[in-house]
Asks: 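Encoded as structure tokens, here's the structure I'll be asking about.
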Protein chains: 2
Amino acid sequence: MAQKKSANSDIFDVARAAGVSISTVSRVLNHPNLVKPDTRKRIEDAIKATGYIRNRAAQMMHGRRSGTIGLVVPTIDHTIFAELIQVFSEAVEEQGFSLILATHGYDLEREYQLLRKLLEHRVDGVALIGFEHLDETYGVLESQNTPAVTMWNYASDTRIPCVGASNISAGAMAAEHLMDLGHKEIALIISSAGGNDRAADRLHGARKAMKNRGITPIAEVSTQYSVSAAKRDCLSVLETQKPTAILCGNDVIGIGAMYAAARIGLSVPKDVSIMGIGDFKGSDETEPALSTVRLPAREIGQRAAKTLGRLIAGQTDVPATWQCDVRLLPRGSTAKHEL
Amino acid sequence: MAQKKSANSDIFDVARAAGVSISTVSRVLNHPNLVKPDTRKRIEDAIKATGYIRNRAAQMMHGRRSGTIGLVVPTIDHTIFAELIQVFSEAVEEQGFSLILATHGYDLEREYQLLRKLLEHRVDGVALIGFEHLDETYGVLESQNTPAVTMWNYASDTRIPCVGASNISAGAMAAEHLMDLGHKEIALIISSAGGNDRAADRLHGARKAMKNRGITPIAEVSTQYSVSAAKRDCLSVLETQKPTAILCGNDVIGIGAMYAAARIGLSVPKDVSIMGIGDFKGSDETEPALSTVRLPAREIGQRAAKTLGRLIAGQTDVPATWQCDVRLLPRGSTAKHEL
DNA sequence: ATAATTTATGAAAACGTTTGCAAAACTATT
DNA sequence: AATAGTTTTGCAAACGTTTTCATAAATTAT
């Protein structure tokens with residue numbers, strides 16, 4: 001029976017119950033083979049009887065790592081982050097760490113404050129999203145020399161190790177696809193959250209690819225990350241600008257765009273092609289299925305967790321940057337432009 | 001400048017840098033008004049100079065709470081959990097706690113192990129999803145007397161405090177709606193993850209409501225939580241059973257059902273009505289918009305965080321159960337059954 | 001100027017572990 | 001039966017804080 005004492009039982013309670021010293025109890029927990037099987041059994045029983053649970057905080061005082069990893073994200077409830085967090089969380093747990101998660105809502109000052117709190121907890125490592133952070137954020141990670149990774153974006157020269165895909169390539173790839181299909185009247189609809197360098201990169205990539213072929217977007221509209229906002233904003237673009245194709249900054253916007261087209265009686269892809277970026281869960285199930293560029297969330301999350309684990313273990317041969325490939329997924333929502 | 005010493009600086013480093021004792025440094029941090037403005041300034045400068053960050057583990061040794069709350073969920077990347085976690089996380093951060101998040105993938109033994117790990121970290125409180133947990137899970141929470149809440153499900157007699165909605169009511173409400181519209185040939189499609197009492201409750205509620213009116217489901221099919229699986233399974237139901245209405249265990253299945261209907265040329269809601277449960281993000285944006293029963297994720301998350309905060313603060317007047325209302329949202333995907 | 005307050009600081013104990021070292025209890029060897 | 005070696009155990013220090021209590025310094029009142 002677990003005891004009902006008001007305070008939680010500690011190693012002394014166990015020692016008392018087993019009639020040994022606390023050293024021996026500690027040894028059962030940490031180096032079981034150093035203690036006589038007989039005594040060990042007695043102590044293990046005492047542990048059960050007292051309901052003793054080790055205190056990480058006290059262990060930490062001895063230089064044991066905290067066994068926690070901090071993850072700071074803009075938000076959880078964007079499909080794509082949810083997927084990434086899920087994978088990262090699993091990978092981190094598998095390595096025996098607990099995950100401390102915090103959300104800053106695209107507020108970089110807040111991100112810094114949350115990071116400081118994580119550091120008070122002496123997290124063994126930290127993962128952040130993207131490269132856009134306060135200088136203080138980078139600074140504190142360096143001065144506390146806490147292992148850190150950045151997920152999602154890729155760049156070859158980074159202040160902290162990164163695992164990600166190039167949003168610039170993704171944007172470019174999406175634009176190329178539309179242009180390859182013969183589209184010239186292309187509208188760009190991107191999401192606008194501040195502190196979000198992903199959207200900016202994709203836009204940038206798309207613009208550049210188009211410029212290379214001498215094509216100018218007939219519209220650049222920013223909208224919110226939500227199907228309804230995207231639907232509303234695409235509606236007006238479709239009505240006023242009559243694009244033959246819409247390049248959407250992410251799949252959620254892409255889905256909004258498809259509904260907008262349906263609403264005003266345009267058929268996708270016959271009357272208008274719609275291109276997403278991301279390959280979110282469900283994007284391949286729409287009718288027609290959404291053409292998009294896959295950002296490999298699973299691979300990124302797993303790789304980042306592995307990298308962080310190695311950094312924490314003090315390994316030195318850890319690649320500082322890791323690029324995961326984006327991939328074009330042409331599906332039903334895009335088609336050749338008919339003259 | 002933050003110092004680059006190999007080990008992180010501690011309170012002694014600060015004391016040395018400021019030429020005072022560690023007691024005074026500690027006082028600056030905890031009771032600033034007890035120290036001479038002059039000295040305080042000097043110490044604050046030293047803190048900046050050394051890059052000192054308080055060590056929560058050491059504070060804990062003095063009886064300070066850990067400032068963490070544990071949340072164990074089946075998974076993050078189901079829309080509805082993502083929403084719940086997001087809200088809970090915000091509410092918990094607002095109260096000054098950090099959130100330790102763990103996912104068990106519907107494995108209750110794993111849930112128990114994760115919980116134990118959280119308790120090693122001496123989380124101040126714990127939140128779980130639903131009522132289906134190992135006996136050991138309940139036991140350890142009680143024996144460690146750790147404040148805990150259960151989110152999502154509601155019941156009036158619970159072993160630990162709960163904040164949730166009645167999935168039984170939700171199931172019943174969805175069934176009532178279809179029957180009110182004159183449907184008698186109703187198929188039930190629910191998701192089947194083990195360790196998931198939500199789905200079971202909804203099914204149960206729906207069955208009971210139907211039985212009350214003497215109607216028997218013409219089919220009961222279980223599927224996975226994914227648009228594609230649901231689409232596939234609904235396809236066969238639609239073809240073989242010819243229901244006039246499908247009651248789906250959640251909105252994701254509902255969306256799969258709509259695609260399935262579209263695929264075989266059935267018009268929603270004219271040929272078949274489709275009813276979801278949940279009101280996930282985006283459910284009101286489909287074409288036609290999905291009729292559903294709203295499960296108030298935001299309200300639940302906020303309320304649960306508040307309840308847990310109070311429990312941790314030792315307040316005694318905290319309601320042990322809190323029911324959030326489910327609400328019928330009739331939209332375009334359901335209509336009167338035409339004979 | 002001295003005594004009586006008040007304010008500011010420091011010394012040391014406590015929190016719950018782990019571990020190096022030393023002592024005690026066995027075992028094996030002569 | 002005594003010695004050497006091995007295994008098992010306990011003592012005490014260390015980890016980084018906070019806080020109580022005591023003392024020193026500054027202020028105020030005489």
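Here is the naming used below: chain letters follow the sequence lines, and residue numbers restart at 1 for every chain. Keep in mind it's a predicted model, so treat the numbers as computed, not measured. Keep in mind that the numbers below use all heavy atoms, side chains included, and drop hydrogens, waters and symmetry copies.
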Asks: Considering only C:dT18, D:dT17, C:dT9, which nucleotide approaches the side chain of A:Arg54 most closely?
Replies: C:dT18
Asks: Report the nucleotide, chosen from D:dT17, C:dG10, C:dT19, that has the shortest atom-to-atom distance to any side-chain atom of B:Ser23.
Replies: C:dG10
Asks: Looking only at side-chain atoms of A:Ile11, point me to the closest of C:dT17, D:dT9, D:dT18.
Replies: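 Nearest nucleotide to the side chain: C:dT17.
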Asks: Of all the choices, C:dT18, D:dT9, C:dT9, which nucleotide is nearest to the side chain of B:Arg27 once you look at every atom?
Replies: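 Of all the options, the side chain of B:Arg27 is nearest to C:dT9.
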Asks: Side chain of B:Ser26 only, heavy atoms from C-beta on: which candidate in C:dT18, C:dA8, D:dT19 is closest?
Replies: D:dT19
Asks: Round to a whole Å and report the spacing from CG of B:Leu34 to P of D:dA24.
Replies: 20 Å
Asks: Strictly by modelled atom types, are A:Glu93 and A:Ser98 linked by a side-chain donor-acceptor pair under 3.5 Å?
Replies: no
Asks: Assess whether side-chain hydrogen bond (donor to acceptor under 3.5 Å, both in side chains) is satisfied between B:Asp13 and B:Thr50, documenting all intermediate values.
Replies: CA-CA 7 Å; B:Asp13 297 324; B:Thr50 52; over 6 Å; no
Asks: What does B:Thr24 touch in the nucleic acid at a heavy-atom separation under 4.0 angstrom: a base, only the sugar-phosphate, or nothing?
Replies: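 Since only primed, P, OP1 and OP2 atoms lie under 4.0 Å of B:Thr24, the category is sugar-phosphate.
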Asks: Show your reasoning for whether side-chain hydrogen bond (donor to acceptor under 3.5 Å, both in side chains) applies to A:Arg64 and A:Asn30.
Replies: CA-CA 12 Å; A:Arg64 246 283 217 300; A:Asn30 299 288; 3.0 Å; yes
Asks: Rounded off to whole Å, could you give me the CZ-to-C1' distance for the B:Arg64 and C:dC15 pair?
Replies: 13 Å
Asks: For the side chain of A:Phe12, counting heavy atoms from C-beta on, which of C:dT19, D:dG10, C:dT17 is nearest?
Replies: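 Of the candidates, C:dT17 comes closest.
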Asks: Given C:dG16, C:dA12, C:dT18, which nucleotide is nearest the side-chain atoms of A:Gln59?
Replies: C:dT18
Asks: Return whichever of A:Gly19 or B:Asp10 has its heavy-atom-nearest nucleotide of DNA chain D closer to the 5' end.
Replies: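 Nearer the 5' end of the strand: A:Gly19.
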Asks: Among C:dT19, C:dG10, D:dT18, which nucleotide sits nearest the side chain of A:Asn30?
Replies: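 My answer, after comparing the listed nucleotides, is C:dT19.
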Asks: Could you say whether B:Arg40 or B:Ala58 is positioned toward the 5' end of DNA chain C, judged by the nucleotide with the nearest heavy atom to each?
Replies: B:Arg40
Asks: Using heavy-atom distances to pick each residue's nearest nucleotide on DNA chain C, tell me which of A:Ala57 and B:Val20 is more 5'.
Replies: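 Its nearest nucleotide lies further toward 5', so the answer is B:Val20.
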Asks: Sub-3.5 Å donor-acceptor pair from the side chain of B:Arg42 to the main-chain atoms of B:Ala18, do we have one?
Replies: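 Checked: pair present.
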Asks: Regarding B:Gln86 and A:Thr75, do their side chains bring together a donor and an acceptor under 3.5 Å, going by distance alone?
Replies: yes
Asks: In whole Å, I'd like the distance from the NZ atom of B:Lys41 to the P atom of C:dT9.
Replies: 15 Å
Asks: What integer distance in Å separates A:Arg65:CZ from C:dT17:P?
Replies: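 The answer, rounded to whole Å, is 20 Å.
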Asks: Return the value, rounded to whole Å, for the distance between atom NZ of B:Lys36 and atom C1' of C:dG10.
Replies: 14 Å
Asks: Separation of A:Met61 atom CE from C:dA14 atom P, in whole Å?
Replies: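 Checked: the CE to P distance equals 16 Å.
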Asks: Quick check on DNA chain D: between B:Asn55 and B:His31, whose nearest nucleotide comes earlier from the 5' end?
Replies: B:Asn55
Asks: Starting from P on C:dT17, measure out to NE2 on B:His62 and report it in whole angstrom.
Replies: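 Atom-to-atom, B:His62 to C:dT17, this comes out as 15 Å.
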Asks: Quick one: B:Met60 CE to D:dT17 P, roughly how many Å, whole number?
Replies: 13 Å
Asks: Does atom CZ of B:Arg298 have more than 12 heavy-atom neighbours, drawn from other residues, nucleotides or ligands, at distances under 6.0 Å?
Replies: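 Open: at most 12 neighbouring heavy atoms sit under 6.0 Å from CZ of B:Arg298.
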Asks: Checking contacts here: which listed nucleotide (C:dG16, C:dT9, D:dT8) is nearest the side-chain heavy atoms of B:Thr39?
Replies: C:dT9
Asks: Nearest to the side chain of B:Ser21, which nucleotide is it out of C:dG16, C:dG10, D:dT9?
Replies: C:dG10
